[in-house]
K.L.:
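Below are the structure tokens for one structure; questions will follow.
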Amino acid sequence: MPPILQSIYRQTLSAYGERAYVLASIGLRATIGAICNHLEIGGNNLEKRIDNLFKGGHVSNEDKKRLHGIRFLGNDA
């Protein structure tokens with residue numbers, strides 16, 4: 001896992017552990033974006049990038065739904 005992904009994920013877990021749920025939801029959204037960057041997944045926004053993760057075979061349809069749920073959490077945060 002690239003260092004930037006590790007850093008974002010660890011910080012997200014730390015925020016969650018501290019019950020900083022708004023920060024953790026933003027961190028999960030940032031993690032998804034960083035994964036898309038690492039895999040060179042294109043799209044104008046995170047919604048399209050998540051759909052492209054699915055189309056590219058990187059995630060299952062169920063995982064795609066979960067990622068969209070995380071995206072909504074990040075939007076609300």
Side-chain angles (χ1 to χ4, degrees):
M1 183 181 307
I4 188 67
L5 284 173
Q6 288 178 359
S7 177
I8 293 169
Y9 187 66
R10 284 185 186 146
Q11 289 180 44
T12 300
L13 290 178
S14 178
Y16 183 79
E18 294 294 323
R19 297 181 182 200
Y21 300 125
V22 172
L23 292 177
S25 65
I26 293 167
L28 287 172
R29 186 181 165 100
T31 301
I32 296 167
I35 290 169
C36 288
N37 289 342
H38 176 70
L39 295 174
E40 299 180 354
I41 303 296
N44 295 340
N45 55 46
L46 192 55
E47 178 181 14
K48 291 179 184 175
R49 295 179 89 189
I50 290 170
D51 289 341
N52 288 339
L53 278 171
F54 170 70
K55 289 177 186 173
H58 299 285
V59 297
S60 68
N61 190 49
E62 288 302 310
D63 288 336
K64 178 183 81 164
K65 291 175 187 177
R66 287 183 191 98
L67 293 175
H68 280 301
I70 292 168
R71 179 175 62 83
F72 292 133
L73 284 173
N75 288 348
D76 291 343

K.L.:
Calculate, to the nearest 0.5 Å, the distance between atoms CD1 and CZ belonging to I32 and R49 respectively.
P.N.:
10.5 Å

K.L.:
Looking at A15 and L23, what are the two nearest heavy atoms and their distance?
P.N.:
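Scanning both residues, the minimum pair turns out to be CB-CB, 4.0 Å.
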
K.L.:
If you compare all heavy atoms of C36 against all heavy atoms of L53, which two are closest, and at what distance to 0.1 Å?
P.N.:
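It is SG-CD1, 3.7 Å.
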
K.L.:
Would you please say whether a donor-acceptor pair under 3.5 Å links the side chains of E18 and S14?
P.N.:
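Judged by distance alone, the side chains do not pair up.
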
K.L.:
Could you tell me the separation between the CD1 atom of I26 and the CD atom of Q11, rounded to the nearest 0.5 Å?
P.N.:
12.5 Å

K.L.:
Can you tell me how far CD of Q6 sits from OG1 of T31, rounded to the nearest 0.5 angstrom?
P.N.:
12.0 Å

K.L.:
Could you give the distance from CZ (R29) to CZ (F72), rounded to the nearest 0.5 Å?
P.N.:
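Nearest 0.5 Å value for the CZ-CZ distance: 10.0 Å.
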
K.L.:
Count I, L, V, M, F, W, Y as connected when their side-chain heavy atoms are under 4.5 Å apart, and connections chain through other members. Are L39 and L5 then in the same cluster?
P.N.:
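Yes, L39 connects to L5 through the hydrophobic network.
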
K.L.:
What's the shortest heavy-atom distance between T12 and A24, and which atoms?
P.N.:
CG2-O, 3.4 Å

K.L.:
Roughly how far apart are H68 NE2 and R71 CZ, rounded to 0.5 Å?
P.N.:
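Here the interatomic distance stands at 5.5 Å.
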
K.L.:
Of all the heavy-atom pairs spanning G27 and I8, show the shortest one and how long it is.
P.N.:
O-CG2, 3.8 Å

K.L.:
Would you please name every residue forming a salt bridge (Lys or Arg N to Asp or Glu O under 4.0 Å) with K55, sequence neighbours left out?
P.N.:
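Here no residue qualifies.
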
K.L.:
A quick test of your reading: do over 12 heavy atoms of other residues, nucleotides or ligands sit less than 6.0 Å from OH of Y9?
P.N.:
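Counting neighbours around OH of Y9, 12 or fewer heavy atoms of other residues, nucleotides or ligands fall under 6.0 Å, so no.
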
K.L.:
Whether D51 and K48 form a salt bridge (side-chain N of Lys/Arg under 4.0 Å from carboxylate O of Asp/Glu) is what I want to check.
P.N.:
no

K.L.:
Might you point out which heavy atoms bring K64 and V59 nearest each other, and give the distance in Å?
P.N.:
N-CG2, 4.2 Å

K.L.:
Nearest 0.5 angstrom please: I41 CD1 to L46 CG, how far?
P.N.:
12.0 Å

K.L.:
For residues M1 and I4: do they belong to one hydrophobic cluster (side chain heavy atoms under 4.5 Å, members Ile, Leu, Val, Met, Phe, Trp, Tyr)?
P.N.:
no

